[in-house]
Each structure stands twice: as structure tokens, then as C-alpha cells.
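Letters A, B, ... mirror the listed sequences (proteins, then strands); counts begin at 1. Quick note: numbers below take in every heavy atom, side chains included, and nothing from hydrogens, waters or symmetry partners. Since this is a predicted model, take the numbers as computed values, not measurements.
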Amino acid sequence: MVEKDSEKIYSLGYSFIILSSFFAVFLGIGSYLMFKNTRNDTYWVCIIGALISTIIFFIIRYIINNNDYDDIYELNKGIFGKFFGKLLNFILLVGFISVACIILFNNANFFNAEYLPDTSINFLKAIILLPLVYISSKNLSSIIKMNQVLCFINIGMFVLSILGVFAEFDLTNLEPFLNVSTGEIFRSILIYVTLSTVPFSMLLVASRKRIKDTERLNGNLLKTFVFTNFLQFLVILITLLVLGEKFISVFRFPEHIALKQFNLFNILQRIENFLALQFYFSSFSLMSFLFYYIIKAMPQTKLKNYYSIAISVFLYFLTSVLFTNTIVFVEVIEKYIVYIILITILLPIIITFFRLLMLKKYSNNINK
Amino acid sequence: MRKYIIALLVLVILFDGLNNLREVTDLAIVKAIGIDMTEDGQYKTTVIVIDTSNKEAQNEGIIYEAIGESVHDSARKIVNESPKKLYLAQMETLILSEDIAKNNFEDTLGFFIRDNEGSNAFYLFIANGCTSDELIKSINEEKINIKSLLNSSARYRGNCNMDSLNDILKTKMKPGINIAINTASIDDTKVKINSMAYFDGWNMRGYLTDDESIIYNLLRNNLDNTIVVAEQKENRIGAEIIYSKTEMTLDKEQNNKVNFNIKIKANISETGSDVIIKDSEQIQNVEYILEEKIKTDVNEFIEKVKNEYGSDIIGFGNLMYRKKDDFFYEDNYLSKIDTSVNVEIDIQNQGGVTKKW
């Protein structure tokens, strides 16, 4: 069933899903892992990673354009049949719940480590979940509109951040060039490509037929994809230019430490707390789409209005059980996050893509 | 149902969450901290807390001190004297004793690197010839703004620099370079900025002389302004350096050789009676004399760093590391390095006069 408000989804707002979600998976997770592997060559990784992730982007765009259903769940059920479709959806659901857990804990950990060390991380999780309970009770077009507004705020704050740390740039921090092994570069590229799958997969929340201005859809998606990867490249490059390879390795959230150097003409200083809002906004956007996804996967019964609360409580306790402390969390993201996303998100998407390709080829042959 | 759960969550947060919440009136805003090591290996922390109740005394604060097993422990024990918890986000100065700088520098800084409240944008000093406690108390008694004092010395004398803790750590973390840190001392009850202390790894090794500190800052591109004097008596030439830029490059032909190319803009500020500057040839002659003077000073400093101090504070190793020169990995690479110094001075003006009076 297409929601009544689906006509209000515009391609620009829809494509901004990538932009808003991208920072959320890289702050304290993607960037941390990549810097650990490739140190001051990480910006090269961003360029190569962005080029390779283009393949995943086009796969997802193909699914969106050829999805005659409402979303990925309906599509899977439609093209694979009930059993295999539900199995794929379940794997996707596990993937989205896992990512939601990681983003929730990472966000709470960020606030705990950088601002509120005396506050229990469980309270921080509760605070983060509260607005999500509210926003996930809204329909998709409202979530997309909210996301669009947050995107513009984020871009503004990002530009201000660059201006503020510009004086701290040290070009020698980029040397020595290409000083890491190919194995390390390969690992970092894998991290970049895998993690960038998460924001792209959020696009599957709606199909082409739910977008009002479909003629602009592909163009807007491509522009946002390029722009987002460029911004991520800038974040990595600027962090390196400000901190240098060795200093970066000391911190869990190096982007935030780079932001602490903010000084705009000696007039505007110490506003990193305000600028760090962009990290929260992007996490909030990604989490709201993940909530929407998880709710959509559940049976649409009379109780569906309470799902957001149930999911919040579930995530709250699941993160408490899985991540007993920050060290465990860091171990999990270091060892398992790539595999979790590869198996539970990327693999089902690729299976769906090939099935769609086969069906299209089959229908073309029949038409001939 | 949803309303009840939301209300419950809100109540939970309101009643128990956000333990970091503090009103401005509850903060003991710290201006400077001094840390010493006691004889039995404990940390003694002395702090200047801004006296918010006395608006007329701008640079005067309240002194608190405590002893504890760690920096955090000793700083926290201050709450036994002060009704407010220390707030470090606005801290301007951290002073460490010479003993700590020599033996416990890394461990002591650990607290400040981890601390989430501050931005590590404060200035670090080593107490030279006195304890940190004495220095902190003198700063407070003399109502000295040590940040302004440092700023003036760095800007107009050049024997210190404006590197914050973050800048120092950034340099420290780089391979092939050691740090040098500002020092302060008490001279007849007056607080003064002294020559810099040099380190080897995380341990302080000794002090540079005042002139060496200036040359160090020149080579590290941290020199804004200073006075250089060449020759003596009636041949004396005094010039004020107003701009300097040092470029360090590896020699393309000799793999253990580093070339320094120093470009300086200066103004003539005074001359001896025999010095006549009327035409471009005489200007060039003055430039040559000043260039030779700076060249000699730089060469002497480099030799001293290589052979006497034995600590790569100039960053030869870092340059080789960045350029992937394997010579960096050789044992005692510092002592085997060959250098070549080129100084170019451009005299901008002669102090607004055209002839001798």
C-alpha cells in the first residue's frame, strides 16, 4: 500500500538521505578504522573507495528504478516469493538492527567521551532514543523533510568548520606519501565501500513510484552521491591536515579533536560544541530511517503505533547487553562491522539486484 | 501508553541523568595550574581560581593547593578547600616542575590530554630554577597575565613561542623530531619568560640559551620578530627582523645532507658611527654582514644540537622520514648529518633616515 502522503516525496529530499546518513557511519567508526589502517594515506582511500562504491550506488539505483512495489521488503516478497522473500527481509532486518545498535552506542559514546563523562551512557542512549520515538511515528515524507532541513544546517556548519580550522592546516602532515602496504590500503577501501553501503541502502526505503518528480531522480541521486563522497574526502583530508597521522591515532573521534582547533580570525573560538551538532544531526537522520525500516519490516497490525517504543526499548537493552563498555564496542567495530554489513545488508541487496536483472532479461525475451 | 513511556523516560532523565550539569555560579574557573612532585613521589597541584566575587581584581585569583597520588587526585582534593569543583575549560597556563619534565612528563600530561572539558589550547611552561608552586604564587601575587607576557616575548623577542599543548603534542607525536618547551622563572620576585627547555623523547634534557631559543624558533618557523646585532662598537649594525621563513630540504646529491634556506625581511634600527648606508652597494654590504652573522649563529646552533645536546629538536629525522630517506633509520643519524645554510636578508628600510646626522 502506498501511503497517502507519498506524493509529497521529492527527489532532492529523497537523495539527501545519502548525504545525512554518511557522516553518521564514519564519525568514530569508519574514519577511526580507516585512519588506523592507512594513517596519512587515508585520503587516497576515500578517492578509490568512492570510485568503487559507485558500483554499489548504481546497483541500488537500478533497484530503485525497477522496483514496482513500495519498498525493498515488498519487492523481495514480490520477486522471490513469500518464503525466500521473507528470509531476505529478515536478514536485512537483522542488518538494520545491528547498524542501529552500533550507531546508537557510538553516538552515546561520543557524548559521554567528549562532553558528559559523569553521565551514565544508558541515560545518554535514552535521550538519543526519545526524539526517535517521536519522529518514527511520523510518515516517510515528514522524515525526509526533516532530514532535508538537517542536511542544509549540516552543510552550513561544515563550511564554517572548514573556515575555522583553515589556519591549522599543515601540508607536511600528508607526507610521506603512500607509506602503507597494499594490504592496509585494501582493508581501508573495503571499510569505506562497506560502510558507504549503509547510507545508500537507506534509499531503498522507497521506490521510484513514490517520488513525485521522477524525471530528476537519477540526476539528483548522482549529484548527491558525488557531493557526499567529496564531503567525506574533505573531512578525512582536513582532519589529517590539522592533526597529522600520529596525533590522529591517539583519539577515538579525531574529527571532533580537529574541530576543537577552531579559530576564526581570533574572533570566533571554542564553538566546537555547537559545530559538533552536525555529528548528532547526521546520526539522528540515519537512526530515524533505520527506525522506519525496522517498523516497516514488522507485521502491520493495530499495535504498529507502539512499535517505535518497543524498538527503542529493544535497542536500549540490546546495546546494554552487547556493548558492556566502550572497549567491547571498539573491538566489535574493529573485528565485525565490515562482515555484519557485508552479509546482512550488501549481500541481500546484491541478490535482489541479480534477481531483478534476470527477471528483466526474461521479460525482454518474452516481449521479443 | 506511548505518552506514559515518554513521560517516564523524561522523568528518569530529569531526576538522575546528566550528572555533568553545573551552573556557572558553581564553577571554580581555573586560570593556571602548577604541578610539582613531592619527595615521596606524590603530585602537588597549585591552582589559581578566578575570583568571580571581586570584579575589580582582574588578574588576581584565589590560590588552592593539594597533594595526591595522581594529578586528578590532587586536583580533586582541592574541593576540600574550595566549595566548587575545578573547571578547566578556560585554563590558560600549565606549569610543570623541572623534576616532572625530566622524569614524569608523559604521565603527568596524560590527565590533560584525556580531559574532555579543555581544548588543550593552553600554554605549557617548565618552571626554571623554582618550583611550579612558587611560580604560580608569584604570578598571582604580581597580578601577571602570563599569557600576555608570553605573547610579548614570542612576538617581539622570539626566545619563546606560542605553541599550545596541542601543538606540542602534535610535534611530539611526529617521528624524527623532539620538542622544546617554554620556561618561566622568578627573578627577584618578578616572573619572567626564560630560554626554552629541550627534550629527548618524553624527558627534558636541559635548557637552550636565550640566543639559541631564538635560532630554534627561526628554524622551526616560529619567529615573528627579533633583534639581530652584527659587528661591534662603531661598526655595529642593529636590525629588527620583521619576517622570516625557513625551508629545510634534503640535498639531492648527498643523502645525509640537509639544506636550510632562510629568507628574512629586516629593518635597520641602529648603526655604529662608521656604518654608512647611502647606496644600494652599501645596503648589500650590510645585508651580507647580517647574513653572515645569522649563518654563523645557525651553524653553531646546529653543531651544538648535533654534538652536545644530542636531541633532534630541529627535525632532521622528520624531514627524512617524510621524504622516505633511509638514512633516518641509521644509528645516531643526528651526529652524521651534514648541513648547508643559506641566508637571504632583504633590508626593507633604514629607519626613515637617508643620511647620518
In terms of heavy-atom contacts, does CZ of B/Arg155 have more than 12 from other residues, nucleotides or ligands at under 6.0 Å?
no
With a cut-off of 6.0 Å (strictly less than), are more than 12 heavy atoms of other residues, nucleotides or ligands near NZ of B/Lys263?
no
Residues of residues 170-178 of chain B within contact distance of chain A, non-hydrogen under 4.5 Å
B/Lys170, B/Met173, B/Lys174, B/Pro175
Tell me, side chain or backbone of A/Phe251 under 4.5 Å from chain B's heavy atoms, or both, or neither?
side chain
Please check if the number of heavy atoms outside A/Glu334 that lie under 6.0 Å from its CD is greater than 12.
yes
Tell me, for A/Thr172 versus chain B, whether the close heavy atoms (under 4.5 Å) come from the side chain, the backbone, both or neither.
both
Please determine, among A/Asp170, A/Asn122, A/Val242, the option with the most heavy-atom pairs under 4.5 Å with chain B.
A/Val242
When the 4.5 angstrom heavy-atom criterion is applied to B/Asp167 and chain A, the contacting part is side chain
Side chain / backbone / both / neither for A/Asn173 at chain B, heavy atoms under 4.5 Å:
side chain
Looking at A/Phe111, A/Phe247, A/Phe177, which makes the most heavy-atom pairs under 4.5 Å with chain B?
A/Phe247
Name, in order of residue number, those residues of residues 315-324 of chain A that have a heavy atom at a distance of less than 4.5 Å from a heavy atom in chain B; otherwise write 'none'.
none
Any idea which heavy atoms bring B/Lys324 and A/Leu178 closest together, and the distance?
NZ-O, 3.0 Å
Under a 4.5 Å heavy-atom cut-off, does chain B meet the side chain of A/Asn40, its backbone, both or neither?
neither
Rounded at 0.5 Å granularity, tell me how far CD1 in B/Ile113 sits from CD1 in A/Ile257.
11.0 Å
For A/Phe186, does the CZ atom have more than 12 heavy-atom neighbours from other residues, nucleotides or ligands under 6.0 Å away?
no
